[in-house]
Enquirer: 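Pasting a structure here, questions to come.
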Amino acid sequence: MTDMHSPNIHTNKGIVNNSLEVANSHYENFPVASVFLPQYLREPISLIYSFARQADDFADEGDLNIEQRLGLLNGFRNELELLQAYIKPKSSFFNALGTMIKAKKLPFEPFYDLLNAFSQDVTKTRYADYDEVLDYCTRSANPIGRLLLHLYGQSNPNNIKLSDNICTALQIINFIQDIAIDFKKNDGKQRIYLCQDEMAAFNITEAQIQDFVDGTQEIDENWQQFVLFNLHRVNALLYSGKPLGRILTGRIGFEMRMIIAGGECIIAKINKVNGDIFNFRPTLNYGDWLIVFFKALMKV
């Protein structure tokens, strides 16, 4: 991960360029501050995504223990508190972030929500039911959409609701496609975002997931039906937010439609392999991106 205290970063432009690198340093199936956005939005969005990416890495990456991870996240929280108190932060990254927040009149709450969610990632590894998953998504995903709406000057109750549906859907799609990855995280304690009550209803056990991850057992019909159930629900949630792609105009609307189309493509890919994300984790190739591009262009 990029060091936000790096001494070779002296200008806001350098920090923003570095932030874009951090934001794009992990493969994503959804565009991040893409070239389709207006230039005046790319820099603030890069800073927002870099904040989220770095904080998420504190919770997930490397060999740190729980106390070290929470300490790094608290360090980000302390920097936000300095910004809110109009006190100069300690790092050049937060200097740039604070300047942008002030210039764009962004709320601080979404940034704190993100840190709250990532802190929860460090300590919570199981989700009892769908309500718990949705609660997590309100802090791990929805804040990004809300910040973007503020940047676009399009933050109103209707748009926020649509954005929340899209962001939550994309988060859950990530949960489904990354089941095997998340199962290995959190200091050896497997993290499972799947609803425990629904796993029980489909007779899915954690021992089976371990076997699927290890490749010692092929997925069975119960798993296929379980994933199909989750895909059907998340597809409906994504569809319910889809009008936002037409409400937002110009290049920001195009970017939103690309994000939605990317989510739809991942759902289709998981369906195609009958939920076997252990052997066929979906990624978007060049042909898929062409489809996403033309769906966004044609407002399909």
Enquirer: Would you check if the side chain of S240 reaches a backbone N or O of L237 as a donor-acceptor pair within less than 3.5 Å?
Expert: yes
Enquirer: Using a strict threshold of under 4.0 Å (side-chain N to carboxylate O), is an ion pair present between E264 and K242?
Expert: yes
Enquirer: With hydrophobic residues grouped by side-chain heavy-atom distances under 4.5 Å, do F111 and I87 end up in a single group?
Expert: no
Enquirer: So, Q190 and Q210: side-chain donor and acceptor under 3.5 Å apart, yes or no?
Expert: yes
Enquirer: Spell out, yes or no, whether V273 and I181 are grouped together once hydrophobic residues are joined by side-chain heavy atoms under 4.5 Å, including indirect joins.
Expert: no
Enquirer: Sub-3.5 Å donor-acceptor pair from the side chain of N165 to the main-chain atoms of L162, do we have one?
Expert: no
Enquirer: How long is the straight-line distance from OG1 of T168 back to CG of N142, given to the nearest 0.5 Å?
Expert: 3.5 Å
Enquirer: Give a yes or no answer on whether the side chain of S50 reaches the backbone of S46 with a donor-acceptor pair at less than 3.5 Å.
Expert: no
Enquirer: Counting distance only, does the side-chain N/O of N78 pair as donor-acceptor with the main-chain N or O of E81 below 3.5 Å?
Expert: no
Enquirer: Under 3.5 Å, is there a donor-acceptor pair linking the side chains of E255 and Y152?
Expert: no
Enquirer: Do D197 and Y130 have a side chain donor and acceptor closer than 3.5 Å?
Expert: no
Enquirer: Measure up the F175 and Y193 rings against each other and bin them: parallel (under 30°), tilted (30 to 60°), perpendicular (over 60°).
Expert: parallel
Enquirer: Give me the atom names and distance for the closest heavy-atom approach of P110 to P143.
Expert: O-CB, 3.5 Å
Enquirer: Anything under 3.5 Å between a donor and an acceptor, one on a side chain of residues 100-107, the other on a protein residue two or more places apart or in another chain? List them.
Expert:
none

Enquirer: Can you check side-chain contact (heavy atoms from CB on, under 4.5 Å) on D220 and Q208, steps first, answer last?
Expert: CA-CA 10 Å; D220 56 16; Q208 282 179 306; 3.4 Å; yes
Enquirer: When you measure from the side chain of R69 to the backbone of L64, do you find a donor-acceptor pair of N or O atoms at a distance under 3.5 Å?
Expert: yes
Enquirer: Please check if atom OH in Y239 has more than 12 non-hydrogen atoms from other residues, nucleotides or ligands closer than 6.0 Å.
Expert: no
Enquirer: If you define the side chain from C-beta out and look only at heavy atoms, does anything of K295 sit under 4.5 Å from R257?
Expert: no
Enquirer: For residues L115 and F51, determine if any side-chain heavy atom of one lies less than 4.5 Å from a side-chain heavy atom of the other.
Expert: yes
Enquirer: Indicate, with yes or no, if Y40 and L47 share a hydrophobic cluster defined by side-chain heavy-atom contacts under 4.5 Å among Ile, Leu, Val, Met, Phe, Trp and Tyr.
Expert: yes
Enquirer: So, for D56 and R53, which heavy atoms are closest and what is the spacing to 0.1 Å?
Expert: OD2-NH2, 2.7 Å
Enquirer: Report the C-alpha distance between I179 and F212 in whole Å, list the side-chain angles of each, state the deciding distance to 0.1 Å, and finish with yes or no for side-chain contact (heavy atoms from CB on, under 4.5 Å).
Expert: CA-CA 10 Å; I179 290 167; F212 298 153; over 6 Å; no
Enquirer: How long is the span from the CG atom in L244 to the CD1 atom in I166, to the nearest 0.5 Å?
Expert: 4.5 Å
Enquirer: State plainly whether one hydrophobic cluster holds both F294 and I266, where clusters connect Ile, Leu, Val, Met, Phe, Trp and Tyr through side-chain heavy atoms under 4.5 angstrom apart.
Expert: yes
Enquirer: Would you say the side chain of R146 lies within less than 4.5 Å of the side chain of D164, judging by non-hydrogen atoms?
Expert: yes
Enquirer: I219 and N274: which non-hydrogen atoms are nearest, and at how many Å?
Expert: CD1-O, 3.5 Å
Enquirer: Hey, what do you get for SG (C167) to CG (L238), rounding to the nearest 0.5 Å?
Expert: 10.5 Å
Enquirer: Could you check whether any side-chain N or O of N116 sits under 3.5 Å from a backbone N or O of Y112, counting only pairs where one atom can act as donor and the other as acceptor?
Expert: no
Enquirer: Please find the pair of heavy atoms, one from L284 and one from C265, that lie closest to each other, and give the distance.
Expert: CD2-SG, 3.5 Å
Enquirer: For Q68, is the CD atom crowded, meaning more than 12 foreign heavy atoms sit under 6.0 Å from it?
Expert: yes
Enquirer: Is there a side-chain contact between F254 and L297 (heavy atoms, below 4.5 Å)?
Expert: yes
Enquirer: What's the separation between atom CG in L72 and atom CZ in F118, rounded to the nearest 0.5 Å?
Expert: 13.5 Å
Enquirer: When hydrophobic residues are tied together by side-chain contacts of less than 4.5 Å, even through go-betweens, does F183 share a cluster with I66?
Expert: yes
Enquirer: Between the side chains of D113 and T138, is a donor N or O closer than 3.5 angstrom to an acceptor N or O?
Expert: no
Enquirer: Can you tell me how far apart CG (L134) and SG (C195) are? Round to the nearest 0.5 Å.
Expert: 8.0 Å
Enquirer: Give the C-alpha distance, both sets of side-chain angles, the deciding distance and a yes or no for side-chain contact (heavy atoms from CB on, under 4.5 Å) between L70 and F58.
Expert: CA-CA 8 Å; L70 292 177; F58 291 159; over 6 Å; no
Enquirer: How close do L231 and I267 get, heavy atom to heavy atom, and via which atoms?
Expert: CD1-O, 4.1 Å
Enquirer: Hey, are D178 and R281 close enough for a salt bridge, meaning a charged N less than 4.0 Å from a carboxylate O?
Expert: yes
Enquirer: Is L149 close to Q154 at the side-chain level, that is, under 4.5 Å between some pair of heavy atoms?
Expert: yes
Enquirer: Please find out if less than 6.0 Å separates the ring center of F94 from that of F76.
Expert: yes
Enquirer: How many angstroms lie between atom CD1 of I192 and atom OG1 of T125, to the nearest 0.5 angstrom?
Expert: 7.5 Å
Enquirer: Can you tell me if CD on E109 sees more than 12 non-hydrogen neighbours from other groups inside 6.0 Å?
Expert: no
Enquirer: Can you list, pair by pair, the side-chain donor-acceptor contacts under 3.5 Å of residues 221-230, counting residues two or more places apart and other chains?
Expert:
residue: W223; atom: NE1; partner: G275; partner atom: O; Å: 3.0
residue: N230; atom: OD1; partner: R233; partner atom: NH2; Å: 3.2
residue: N230; atom: ND2; partner: F226; partner atom: O; Å: 2.9

Enquirer: For a quick test of reading the model, state the closest non-hydrogen atom pair linking A52 to L114 and the distance between them.
Expert: CB-CD1, 4.3 Å
Enquirer: Contact between I277 and P282 at the side-chain level, heavy atoms closer than 4.5 Å - yes or no?
Expert: yes
Enquirer: Is D135 close to D131 at the side-chain level, that is, under 4.5 Å between some pair of heavy atoms?
Expert: no
Enquirer: Strictly distance-based, threshold 3.5 Å: is any side-chain N or O of K124 a donor or acceptor partner for the main-chain N or O of R126?
Expert: yes
Enquirer: Taking side chain as C-beta onward, heavy atoms only, is K269 less than 4.5 Å from Q177?
Expert: no
